[in-house]
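Structure first, commentary second.
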Amino acid sequence: MKFTDWYTDTADIFRVVNELNGALTVQSREQVAEAVPCRVARHKKEGELNPGPTAADYTENQVLMCDNSVDIQPGDELILHRGAKLGKSAPPMRAFAGEPTPYYEPFGAAIPGLAHQEVPLLSMERI
């Protein structure tokens, strides 16, 4: 079994890029990848509900796993489609990428095909 067999979700990746407009540098948001096979999983710690005086914040603790060849940078906006590789149509989830951690295939691995990268996700909802 390989990690790619576990990729049941897809991700659209958006990045803020700098463009020169005359003498000014302007920033624009552009899509850098579409329908990237991935899997979203929860960390050990569940999400937290933090009540406030007028509203509550709900913070998720999730991680995105995908192939090492995928170009994800900290701060990228991700639109995640849970179950898309299985033909499911759940509402899309919006999150931002943290610092990716690559895991490489060890030489002489007993179980090949485990190379992947894990990206912590920042997803916060105001309730």
Would you indicate whether the side-chain heavy atoms of [Y] and [X] approach each other to under 4.5 Å?
X      : Y      : result
Val17  : Ser28  : yes
Met65  : Tyr103 : no
Pro100 : Pro74  : yes
Gln31  : Ile13  : no
Met93  : Gln62  : yes
Ile72  : Leu64  : yes
Leu121 : Val40  : yes

Self-check item: Partner set under salt bridge (Lys or Arg N to Asp or Glu O under 4.0 Å) for Glu34, not counting sequence neighbours
Solution: none
Quiz item: Among all residues two or more places apart in sequence or in another chain, which pass the salt bridge (Lys or Arg N to Asp or Glu O under 4.0 Å) test with Asp67?
Solution: none
Self-check item: Pairs where residues 10-20 contributes a residue and the test salt bridge (charged side-chain N to carboxylate O under 4.0 Å, His left out) is met, not counting sequence neighbours
Solution: Arg15-Asp71, Arg15-Asp76
Quiz item: Which residue pairs pass the salt bridge (charged side-chain N to carboxylate O under 4.0 Å, His left out) test when at least one of the two sits in residues 77-92, sequence neighbours left out?
Solution: Asp9-Arg82, Arg29-Glu77, Glu77-Arg94
Quiz item: Are any side-chain N or O atoms of Glu99 and backbone N or O atoms of Val119, one a donor and one an acceptor, separated by less than 3.5 Å?
Solution: no
Exercise. Without swapping roles, check the side chain of Glu105 against the backbone of Leu114 for a donor-acceptor pair under 3.5 Å.
Key: yes
Quiz item: Could you state the interatomic distance from OG1 (Thr8) to NE2 (His81), rounded to the nearest 0.5 Å?
Solution: 13.0 Å
Quiz item: Nearest 0.5 Å, what's the OH-NE2 distance between Tyr104 and His116?
Solution: 11.5 Å
Quiz item: Is there a donor-acceptor contact under 3.5 Å linking the side chains of Gln27 and Asn18?
Solution: yes
Quiz prompt | Which atom of Val63 lies closest to which atom of Pro120, heavy atoms considered | solution = CG2-N, 4.1 Å
Quiz item: Who else is in Ile79's hydrophobic cluster (ILVMFWY, side-chain heavy atoms under 4.5 Å, direct or via others)?
Solution: Phe14
Quiz item: With sequence neighbours left out, what residues match Asn21 under side chain to side chain donor-acceptor pair (under 3.5 Å)?
Solution: none
